[in-house]
**Q** 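Handing you this structure, nothing more for now.
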Amino acid sequence: MTAAHPSPGPSPSSTREPTVDDINQVYRTVRQVFNQTWRDFYSWKPPSTLPLADDALLKSAGRQDELQVQRHEALGRKLAAAVSNAESITSIPTPDSLGAHTPAPVPPAQHRRSSSVTFSPRPSTPSSTTNPRMIFWKRPPGKSSKHLLPPKPARPPPPKEGSFTLSLPPGVARVPSYHFCVGGTSSVWKPELKAMPFMPCFGDDADFDELEYSKKFGMRRAFEEPGRDADVEIIMVETVRRLKRTGLTSSQIDLTHVLPAKWITISDADLTRDLPRFPRRPELDIETSHARRKRKWEPPLEVPEEDPSPTDNDDFNEIDCARPGCVRVGCTRHSGMVGGTFISRYADHVHRDENPAISRSTILSLLYGPPCSDQCQARNKVGDLLALSLTSQTWPEAERAMLRTLLVELKDSGCTNLCLLREAFPDRTCLQVTLEMLSIARESDAESVNEPTITATPDQIVRPTLTKSKSKSFRIPIPSAHHVNFVECNHHGPCVPGVCSCANTDWPCGRNCGCPPNCMRRHQGCQCKRVPRYSSNGVKRSHRVCLPDKCPCRMSKRECDPELCGPCGAAEELDIKHRGDFEIGRFRSNDGKWESGVRDTQVWVNCSNVQLQKANWPKTRVGISPVAGYGLFAAQDIGAYVVLGEYVGEVISHLEGVRRDQLNKHIGRTYLFALNEESEVDAGSYGNETRFINSGKENEVNCGASVVIVNNEQRLYFQTLRAIKKHEEIRFDYGPTFDENGTDKAVAAQKPNKKSKR
Ligand SMILES: C[S@@+](CC[C@H](N)C(=O)[O-])C[C@H]1O[C@@H](n2cnc3c(N)ncnc32)[C@H](O)[C@@H]1O
């Protein structure tokens, strides 16, 4: 990792005017150093990957393992001793008794983020508690513990009952916290208005249109996103440090416009103290390399919050709103009074909660009113309307123009009540107005109503068919798991292909779509029934509810919707009412003591098709992997076909994924996961522990990945393919396109496993 040594720029003390050559020379220097620093940054790898990255280092791998094991055993003994010492102290000293200026104990942290965590003995901790911060890893196969471990010193005496014990199995290694990845429990939608946020590698890519890029970002060669990005800042600070060594001044550097605009703030305002150091050259000797990276912990600096511009605010709301199915009041993306979305979702919900006796259909009729007349469009089926519109007589041009204007106004006001249109045409029926509207849409007046035209012929019209018995069992074919994104529809008139974004892509309308709640294309949920957990004679039943071959939701690879699938107990299983409550119960009136209540799940067998919404995963740990870098390990025995977790990250377009791949080549690792034909999930800077699952082939594979639809949104999840033992590394097949250099993204299995318990 050597820094470039370009020729220095013109001397700042020089009095002559800089020539064009001088300016070009400065530009070349800044650019060269910036690119070199960028490369240096990403050529760094965590020490654990060294044995795999370089054959010459393979020999030292055993010794590194040994050292790590020794360090952790020593740490374990130290902690155990500290705990037993703490136990012998009868009164715990208070800060006051220690003096006002006694600092709080600070642990020997490896990284500033974890530095603020203090370890304190917890006297009430039950025995045999393992340190939750400890992370385990599995030995490379074929190496016995005798081979790796140094002779063990005599074991300390068994701890007294009730004391805090650290059970450190052989081969324990603490993994440093993984920097620069924001933890998340759900995927976030990344706004891409400002795609290409940071592109210092422009020189590497011959196809890259540098001028076009620069124009887009105010002639800056590197653009930055709002907010602080540690990687970018570390690289900028190091670049400036290297450039200043060549004799360039700040203003000369800035004139080149090569660095992101923010560099001056970062570099001059001493925000650098907050940043982790620019990584040094990796050392063979793990001890010295660790020692070098140690630095004194200081509390982070206060960074003043910037006033967000209106655009940033919009972006924030987009990011904040992770789900298309969001139900947060005030969310600009979902709750907006657009197209009746708000009314359909909340009013229905509130009515049901407050007046359980009123049925859903009664509420809908209250909200949207009965058909306006005998000749109301609402009396017709969607398919019939479209068919009729193809043969209906065209209106005179003046009336058509007026209807067009009204359609635009109706759309802008967010109203979906088509019957209102009739008021403007007293001589027409509601049905005639709707048919003319469909005819206008078909005849490509897309500009005025801002909608695509209808291209379907009568033969192509999709007529959703209701089964004779109940409208609830009506199902619309759903896309395969690898289809396009779902876009909530919001348009005039019925949901038909050409007008409705859902109908265009075969998705059923969701409960947050702008169409009326009685839309025939709307997903209806299932009618499976939950069962009591115990039979009348007290014997435990072993039923499962919403089985793979019976539940319509499950058969269409959807999770049950607690608002739509009434009787299956999805809402009860998710315990929506009591979410966040520690325990159900009450204070007894006679003695005021807390009495635990009975949870619904103890009495009923509820829906088993809400796993991603429930997010109750088996225990796993991140650890150093013999495969590559870090990996994910089972922290308990896990059965076969158990859902392990959801792959979360930024949901980005395929094109943005291609761009990020360019950068991943420099890092040597990728966290991109194809979600469907249009989108990818990138866990590079936002994700959870599933991003550490390494690839495997054939026998190495013990889990698979699939896509499930939750509230009309595709989500990725992992499921075990066989039973997995504690400490075993979790691995799945990234697919044929993955090469071991890690420059291609993973793809979820095309076909869901038949035996799947989902
Ligand atoms: C999703 S990450 C997995 C976690 C990664 N090992 C880490 O330390 O962050 C995917 C990257 O891990 C590495 N990787 C995963 N499986 C691998 C394998 N079987 N062989 C070599 N590298 C692998 C590649 O660099 C790949 O781009």
Side-chain angles (χ1 to χ4, degrees), residues 41-55 57-58 61 64 68 110-111 135-138 140-141 173-184 187 230-231 279 282 286 620-634 644-652 657-675 680-705 716-718 728-749:
F41 183 78
Y42 286 117
S43 66
W44 175 81
K45 295 203 164 142
S48 56
T49 60
L50 287 179
L52 295 139
D54 188 343
D55 274 354
L57 296 170
L58 201 55
Q64 289 187 19
Q68 275 182 329
Q110 295 183 13
H111 181 250
I135 290 163
F136 302 89
W137 64 289
K138 194 173 182 293
R174 180 181 290 254
V175 171
S177 56
Y178 206 84
H179 313 325
F180 318 139
C181 173
V182 182
S187 290
D231 278 17
I286 194 163
T620 51
R621 289 192 183 92
V622 179
I624 296 172
S625 162
V627 179
Y630 301 128
L632 192 70
F633 297 83
L644 281 172
E646 183 178 353
Y647 192 84
V648 307
E650 290 169 77
V651 182
I652 54 168
V658 171
R659 188 190 73 81
R660 292 190 184 188
D661 249 2
Q662 295 288 323
L663 306 185
N664 288 338
K665 276 180 192 154
H666 289 263
I667 309 168
R669 292 190 307 271
T670 181
Y671 298 96
L672 288 168
F673 205 130
L675 179 65
E680 294 174 10
V681 177
D682 185 5
S685 50
Y686 180 99
N688 64 14
E689 67 284 355
T690 57
R691 79 194 201 114
F692 293 106
I693 301 184
N694 280 318
S695 176
K697 290 266 174 265
E698 294 163 5
N699 292 343
E700 297 160 351
V701 175
N702 51 20
C703 96
L716 286 161
Y717 69 94
F718 292 102
E728 196 179 329
E729 178 163 0
I730 295 162
R731 290 174 76 178
F732 89 101
D733 191 349
Y734 284 11
T737 52
F738 172 70
D739 65 44
E740 296 209 338
N741 296 322
T743 51
D744 210 339
K745 63 195 75 61
V747 185

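Predicted, not measured: the structure shown is a model, and the values here were computed from it. Just follow the structure's listing: the first ligand is 1, and inside any ligand the first atom is 1.
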**Q** Please list, in number order, the atoms of ligand 1 under 4.0 Å from a heavy atom of R691.
**A** 1 (C), 2 (S), 3 (C), 4 (C)

**Q** So, does L632 sit close enough to ligand 1 that a heavy atom of it is under 4.0 Å from the ligand?
**A** no

**Q** Could you give me the CA-CA distance, side-chain angles and deciding distance for I652 and E680, then say whether side chain to side chain contact (heavy atoms under 4.5 Å, CB included) is met?
**A** CA-CA 5 Å; I652 54 168; E680 294 174 10; 4.2 Å; yes

**Q** Please determine if Y647 has a nitrogen or oxygen closer than 3.5 Å to a nitrogen or oxygen of ligand 1.
**A** no

**Q** Establish, from distance only, whether the side-chain atoms of N688 and E646 form a donor-acceptor pair under 3.5 Å.
**A** no

**Q** Evaluate the criterion side chain to side chain contact (heavy atoms under 4.5 Å, CB included) for residue pair V681 and L716; output intermediate values, then yes/no.
**A** CA-CA 9 Å; V681 177; L716 286 161; 3.8 Å; yes

**Q** Examine ligand 1 and decide if any of its atoms is less than 4.0 Å from a heavy atom belonging to F673.
**A** no

**Q** Which of the atoms in ligand 1, numbered in the order shown and given with their element, are less than 4.0 Å from a heavy-atom of Y671?
**A** 1 (C), 2 (S), 7 (C), 9 (O)

**Q** List every atom of ligand 1 that sits less than 4.0 Å from any heavy atom of I693, numbering the atoms from 1 in the order shown and giving each element.
**A** 3 (C)

**Q** Judged on heavy-atom distance to atom 16 (N) of ligand 1, which of A683, G631, G687, S695 sits nearest?
**A** S695

**Q** Taking the six-membered ring for Trp, are Y717 and Y647 ring centroids under 6.0 Å apart?
**A** no

**Q** So, F673 versus Y671, ring centres under 6.0 angstrom or not?
**A** no

**Q** Can you check whether N694 has an N/O within less than 3.5 Å of an N/O in ligand 1?
**A** yes

**Q** Checking the side chain of R731 only, and the main-chain atoms of E700 only, is there a donor and an acceptor separated by less than 3.5 Å?
**A** no

